[in-house]
Amino acid sequence: MSDSLLCASAADDKAPRWTRAEAEALWLKPFNDLLFEAHTVHRRNFDPNRIQLSQLLSIKTGGCAENCGYCGQSAHHHTGLDATRLLDLDHVLAEAEKAKAAGATRYCMGAAWRNPKDRDMAKLVAMVEGVKALGLETCMTLGMLTATQASTLADAGLDYYNHNLDTSESYYPAVVSTRTYGDRLETLELVREAGMKVCAGGIVGMGERVADRLDMLVTLANLPTPPESVPINMLIPIPGTPLADAPPIRPFDFVRTVALARIMMPTSEVRLSAGRSEMSDELQALCFFAGANSIFVGEVLLTADNPGDDHDLALLRELGLTSVTSAGHD
Ligand code: SAM
Ligand code: DTB
Ligand code: SF4
């Protein structure tokens, strides 16, 4: 990994913004103190009653060459998922229009690839341009990029690129062995250099230790510029994957993870991402109080279940939360 990614600060004095000891001190606070601090940081930077809605579409499903232990789309695991080819532009635009009508402001297109092939780029560019023309923010998650691919996507108008660190550098090899943590950081650096906004977060509930969660958040918060968007996923255990029987994270620890993400990356969107179908409304409400201010809407994420619009609209109404209606937090 490059030195510039290891340590940087707003004051450019090479001191990391966050140390593991500081993150640990936050984690160990009494729950009420931690939540109060996270909510105070949240209120200082955002309208606490506003939630950003993103919608996902799997534009290329399954058959992935990588062996991520959590993922139902890896060709290394036997999950019974049928692989598809890259979707046609018309299909993507029709789905994006539906998402916009349902209230999403960002459309996130995901592909089960280790990396895009150069022959796919023209189709991807057309998707970005078409979705943008609908008035939606655009996001893609396609695996590793080359510098040229990153600038092609940026030039097409891609607003965000999602590429998760997923866990700590030390736990990473237990989860994925077909790529390294350094590969992930390199793509994040290329995305940044190309001028796109970075969406990077992780998954909890993969059998990791608390220290791994802290290390992942410290790495994210100490990037030269922290990610604008930080998805916190709760593992969806998928039968046939190596992590199908991972011990679930305790709900209070999940809330603590969200609270730390909010405190350590005060101006980033923190997205309550995968796993909401298994969360109670009360747990989600605690996460919103702790600083989560974005969700994925719709009946499915990429391949797995999501609560769906009826449930989510009722939850937002119950909590007096309104959705961001256009790009930004107006
Ligand atoms: N192939 C690309 C990549 O890995 O970057 C993009 C798609 S991949 C499915 C996007 C992210 O989804 C992963 O980095 C991981 O954080 C999340 N994810 C995948 N399977 C998951 C699961 N079973 N539970 C929770 N999050 C999951
Ligand atoms: C992210 O952090 N979570 C989303 C999005 N970024 C691409 C994906 C969650 C995938 C959950 C499993 C599935 O739907 O297959
Ligand atoms: Fe492939 Fe992404 Fe799934 Fe890993 S997480 S197996 S790279 S689709």
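Counting starts at 1 for both ligands and their atoms, following the listed order. As the structure is a prediction and not an experimental result, all values here were calculated from the model. In what follows, every heavy atom counts, from backbone to side chain, and hydrogens, waters and symmetry copies are set aside.
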Problem set entry | Per-residue contact class, Ala111 against ligand 1 - non-hydrogen pairs under 4.0 Å | backbone

For this session: Kindly identify the option in Asn162, Leu301, Leu302 whose heavy atom sits closest to atom 8 (C) of ligand 2.
Result: Leu302

Problem set entry | Donor-acceptor contact present, side-chain Asn67 to main-chain Ser177, <3.5 Å | yes

For this session: With the side chain counted from C-beta on, respond yes when Asn115 and Thr187 share a heavy-atom pair under 4.5 Å apart, and no when they do not.
Result: no

Problem set entry | Arg184, Glu66, Met206: member with heavy atom nearest to atom 3 (C) of ligand 1 | Arg184

For this session: Would you check whether Arg179 has a nitrogen or oxygen atom less than 3.5 angstrom from a nitrogen or oxygen atom of ligand 1?
Result: no

Exercise. Side chain, backbone, both or neither: which part of Thr241 comes within less than 4.0 Å of ligand 1 when only heavy atoms are counted?
Worked result: neither

Exercise. Looking at ligand 1, does any of its N/O atoms fall within less than 3.5 Å of an N/O of Gln73?
Worked result: no

Exercise. Backbone, side chain, both or neither: what part of His77 comes under 4.0 angstrom of ligand 3, heavy atoms only?
Worked result: neither

Exercise. How about Cys68: does one of its N, O or S atoms come closer than 2.8 Å to atom 1 (Fe) of ligand 3?
Worked result: no

Exercise. So does Cys71 have any N/O/S atom less than 2.8 Å away from atom 3 (Fe) of ligand 3?
Worked result: yes

Problem set entry | Options Thr141, Leu235, Asn115, Leu301, ranked by nearest heavy atom to atom 6 (C) of ligand 1, top entry | Thr141

Problem set entry | Check: Thr40 main-chain N/O paired with Arg262 side-chain donor or acceptor under 3.5 Å | no

Exercise. Does the protein put a heavy atom less than 4.0 Å from atom 1 (Fe) of ligand 3?
Worked result: yes

Exercise. Which option out of Ala274, Ala200, Gly72 puts a heavy atom nearest to atom 25 (C) of ligand 1?
Worked result: Ala274

Exercise. Ala112 heavy atoms, cut-off 4.0 Å: which ligand 3 atoms fall inside?
Worked result: 8 (S)

